[in-house]
Structures are given as C-alpha cells and as structure tokens.
Amino acid sequence: MAMEESKKLKEVHKAYEQCKKVFAPGFEIVNVGAEIKDKEEYEFYKLLHEYFMQKKQRELIKKGVY
C-alpha cells in the first residue's frame, strides 16, 4: 500500500510541476477560454490560473515590488 501511495504522490507532484509551467504568469486563460467547450474544465483551468497568479503577486509583494 505504501508503495502505491508513493507512486500516486509522485504522479501528483508531476502534475503540479506541469501546472506551474502551463499556468505561469503570462498565460492568459481568457485567450483560450473560448476554445474550451466544457464549462467545468474551463472553471478548473481558471482556478489554477488564479492560484498561480496570486502566488506570483504574493512573491512580488514580499520583494517590495508592489
């Protein structure tokens, strides 16, 4: 069981790293939103985009940029 959980954790981490790349600040979900037909899928992507944008904003605030 622990081996299976470890494998799942690696998969989740890999997905997170991929999301960081795809939804990095600069990517605008609204530019591709019209092409996404599934509303639930679009909402999921929008949430990811907002998360990574807020994360970047917090980093910039911490650095004193804002």
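From a predicted model like this one, the values you see are computed outputs, not experimental measurements. Hydrogens, waters and symmetry mates are skipped; everything else that's a heavy atom, side chains included, is used.
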*Do V32 and Y51 sit in the same hydrophobic cluster, where Ile, Leu, Val, Met, Phe, Trp and Tyr count as joined when their side-chain heavy atoms come under 4.5 Å apart?*
yes
_Can you list everything that forms a salt bridge (charged side-chain N to carboxylate O under 4.0 Å, His left out) with K8? Sequence neighbours excluded, please._
E11
*With sequence neighbours left out, write down each residue that passes side-chain contact (heavy atoms from CB on, under 4.5 Å) with E4, or none if nothing qualifies.*
none
Under 3.5 Å, side-chain donor or acceptor atoms of residues 55-65 against the rest of the protein: list the pairs with distances, not counting sequence neighbours.
{"residue": "K55", "atom": "NZ", "partner": "E59", "partner atom": "OE2", "Å": "3.1"}

Show me the donor-acceptor pairs within less than 3.5 Å that the side chains of residues 38-47 make with the rest of the protein, sequence neighbours left out.
{"residue": "D38", "atom": "OD1", "partner": "E40", "partner atom": "N", "Å": "2.8"}
{"residue": "D38", "atom": "OD1", "partner": "E41", "partner atom": "N", "Å": "2.9"}
{"residue": "E41", "atom": "OE2", "partner": "Y45", "partner atom": "OH", "Å": "2.6"}

*Could you tell me the separation between the CD atom of Q54 and the NE2 atom of H49, rounded to the nearest 0.5 Å?*
10.5 Å
*Write out all pairs satisfying salt bridge (charged side-chain N to carboxylate O under 4.0 Å, His left out) with one or both partners inside residues 16-25, taking only residues at least two apart or from two chains.*
E17-K20
*Angle class for the F52/Y16 ring planes (parallel below 30°, perpendicular above 60°, tilted otherwise)?*
tilted
